[in-house]
Amino acid sequence: MYEKNGEQYFIVDAHVHLWDGREANQRNIHGKQFIDCFYDYHRNLSPENEVWDYDTYCYYGPDRLMRDLFEDGPADHAIFQATILKDFYVNGFAQVDDSLKLAADNPDKLTYNHAYDPRDGEDGLVQLRKDADAMQLKGVKLYTAEWHGDSRGYKLDDHWSRRYLEECINLGITNVHVHKGPTIRPLDRDSFDVADVDKVATDYTELNFIIEHVGLPRLEDFCWIATQESNVYGGLAVAIPFIHTRPRYFAQIIGELMYWIGEDKILFSSDYALWTPQWLVEKFVDFQIPEDMTEYAPLTTEAKKKILGLNAANLYPHIEVPDHLRLPGENPDPGAEVAAGAPEAVTA
């Protein structure tokens with residue numbers, strides 16, 4: 001629990017990683033390109049005193065994660081979003097076994113979301129069923145620009161992707177997190193386009209689509225889609241660190257999100273270890289829209305509490321929020337339809 005000026009915040013970091021980007025795990029030059037690009041994001045958007053050395057960044061391990069998130073950091077719960085990248089890393093970028101063990105040892109603090117690739121066809125569907133049972137999956141993380149042999153990406157509405165989404169429904173996996181944001185070298189920018197979100201969100205209303213990075217740099221496209229589709233949410237990973245280097249740009253991002261989709265559909269995410277959550281939470285709690293940006297409404301404390309944790313907890317009902325940290329009159333039922341849409345969000 002994070003506390004400031006007498007206000008208490010339940011923090012759910014909805015997008016964290018445990019990765020191995022070391023040279024020994026790099027399958028080819030693309031593995032180095034990927035972790036180097038990650039490090040550039042980290043170094044260029046973090047406060048100077050929060051910048052890690054390169055070797056630690058490539059491999060920090062489970063103990064460091066637990067310390068940064070929960071001991072020194074503000075998180076009450078965090079959700080792993082696995083990124084495998086098997087074409088770039090010998091044992092995969094995500095440390096799946098260690099992440100699963102951490103989640104099993106700390107079920108009150110950690111949830112593990114695994115990844116699948118629909119280009120694996122029928123064999124992948126069989127594996128998804130096994131993983132859903134063994135890992136007790138409540139969500140999955142999709143990386144539509146991931147390379148797979150000769151393929152350099154896929155669309156959510158491809159035939160095989162639809163088969164996998166239908167299987168998620170059958171398996172009770174309701175939360176689909178999709179990277180739709182800035183490209184990472186060597187991946188292709190257009191493979192992260194948000195247009196396919198519109199199609200599957202319409203066709204699979206049983207699923208929640210959490211669009212990581214809120215579609216940046218396609219924020220406007222994302223907002224129009226998420227306004228119309230009640231089951232589309234926005235994750236602030238990569239967007240929120242601009243609160244430090246480009247606060248007016250972040251004000252524009254959060255202002256547009258609040259205007260179009262509303263405070264009930266935005267999720268805090270540090271994208272750890274791209275950034276550590278402590279400074280992000282501190283700056284967000286203190287943040288206000290600049291007074292001269294009059295097209296945007298102020299950020300209320302209630303909105304910040306929802307964004308920092310309560311919205312994610314509503315999507316993941318196994319995350320227990322203490323009664324005193326819930327908002328007055330809040331409906332803890334995750335099956336209740338989110339009351340967000342163009343009329344409500346715009347007039348809020």
Side-chain angles (χ1 to χ4, degrees), residues 12-17 19 34-35 37-46 78-85 93-94 113 115 139-146 153-156 175-198 200-201 208-227 229 231-246 249-258 260-261 265-277 280-281 283-284 307-308 311-312 315:
V12 178
D13 193 337
H15 189 149
V16 303
H17 301 276
W19 67 54
F34 189 88
I35 191 63
C37 186
F38 257 33
Y39 189 66
D40 285 342
Y41 274 113
H42 164 75
R43 181 178 55 190
N44 292 329
L45 296 183
S46 298
I79 303 173
F80 283 114
Q81 306 292 353
T83 300
I84 306 301
L85 298 173
F93 187 59
N113 285 354
V140 290
K141 168 70 183 302
L142 306 183
Y143 221 66
T144 58
E146 183 165 351
Y154 67 92
K155 297 295 184 184
L156 292 173
N175 296 314
V176 180
H177 295 251
V178 191
H179 180 118
K180 292 289 188 179
T183 190
I184 301 139
R185 192 183 188 202
L187 305 176
D188 299 334
R189 176 181 181 273
D190 288 347
S191 293
F192 287 133
D193 189 278
V194 297
D196 53 345
V197 174
D198 191 21
V200 294
N208 303 310
F209 292 90
I210 300 91
I211 306 309
E212 302 294 347
H213 324 298
V214 294
L216 294 176
R218 305 172 180 89
L219 179 65
E220 185 175 9
D221 288 349
F222 167 75
C223 285
W224 280 93
I225 292 169
T227 295
E229 305 291 348
N231 56 336
V232 173
Y233 300 75
L236 288 177
V238 176
I240 195 168
F242 284 107
I243 202 170
H244 170 63
T245 57
R246 296 281 304 279
Y249 178 52
F250 177 72
Q252 178 188 359
I253 293 171
I254 197 68
E256 293 292 329
L257 291 171
M258 291 288 289
W260 288 105
I261 73 175
K265 297 178 67 180
I266 307 169
L267 278 62
F268 166 69
S269 309
S270 72
D271 217 344
Y272 182 88
L274 270 96
W275 300 278
T276 48
L280 293 171
V281 169
K283 285 183 176 291
F284 185 72
I307 293 167
L308 284 171
N311 290 340
L315 291 177

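Note that the structure is a prediction, hence the values are computed from the model and not measured.
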With distance as the sole test, does [X] use its side chain to make a donor-acceptor pair with the main-chain N or O of [Y] at under 3.5 Å?
X      : Y      : value
Thr144 : Gly153 : no
His17  : Gln81  : yes
Asp193 : Ala195 : yes
Lys141 : Thr83  : no
Asp198 : Ile225 : no

Is there side-chain contact between [X] and [Y], with at least one heavy-atom pair below 4.5 Å?
X      : Y      : answer
Ser270 : Thr276 : no
Leu280 : Asp13  : no
Phe284 : Phe268 : no
Leu267 : Leu315 : yes
Ile253 : Leu216 : yes
Asn113 : Val140 : no
Phe222 : Val232 : yes
Ile240 : Ser269 : no

In Å and rounded to the nearest 0.5 Å, what is the [atom1] to [atom2] distance from [X] to [Y]?
X      : Y      : atom1 : atom2 : result
Ile266 : Ile254 : CD1   : CD1   : 4.5 Å
Leu142 : Glu212 : CG    : CD    : 10.5 Å
Ser46  : Tyr39  : OG    : OH    : 9.0 Å
Phe192 : Glu146 : CZ    : CD    : 9.0 Å
Glu229 : Lys265 : CD    : NZ    : 8.0 Å

Over all atoms of both residues, closest heavy-atom pair of [X] and [Y]:
X      : Y      : result
Cys37  : Arg185 : SG-N, 3.6 Å
Ile261 : Gly234 : CD1-N, 4.4 Å
Pro182 : His213 : CD-CB, 3.9 Å
Gly215 : Val194 : CA-CG1, 3.7 Å

**Item:** Residues His179, His15; criterion ring pair (Phe, Tyr, Trp, His ring centres under 6.0 Å); working and verdict
**Value:** CA-CA 11 Å; His179 180 118; His15 189 149; 7.7 Å; no

**Request:** Report, as yes or no, whether the 6.0 Å neighbourhood of atom CZ on Arg246 holds more than 12 heavy atoms from other residues, nucleotides or ligands.
**Result:**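 No, not enclosed.
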
**From Tyr249, Trp275, Tyr41, residue fulfilling ring pair (Phe, Tyr, Trp, His ring centres under 6.0 Å) relative to Phe242** =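 One option only clears the test, and that one is Tyr249.
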
**Asked** Given Trp19, which of Phe34, Tyr272, Phe93 fulfils the ring pair (Phe, Tyr, Trp, His ring centres under 6.0 Å) condition?
**Response** Phe93

**Message:** Going by side chain to side chain contact (heavy atoms under 4.5 Å, CB included), name the residues that satisfy it together with Asp196, two or more places apart in sequence or in a different chain.
**Reply:** Lys155, Leu156, Asp157, Lys180

**Request:** Measure the acute angle between the ring planes of Trp224 and Trp260, then classify it against the limits of 30° and 60° as parallel, tilted or perpendicular.
**Result:** tilted

**Asked** Stepwise, does the side-chain contact (heavy atoms from CB on, under 4.5 Å) test hold for Tyr143 with Leu85?
**Response** CA-CA 9 Å; Tyr143 221 66; Leu85 298 173; 4.2 Å; yes

**Stepwise side-chain contact (heavy atoms from CB on, under 4.5 Å) check, Leu257 with Leu236** = CA-CA 10 Å; Leu257 291 171; Leu236 288 177; 3.8 Å; yes

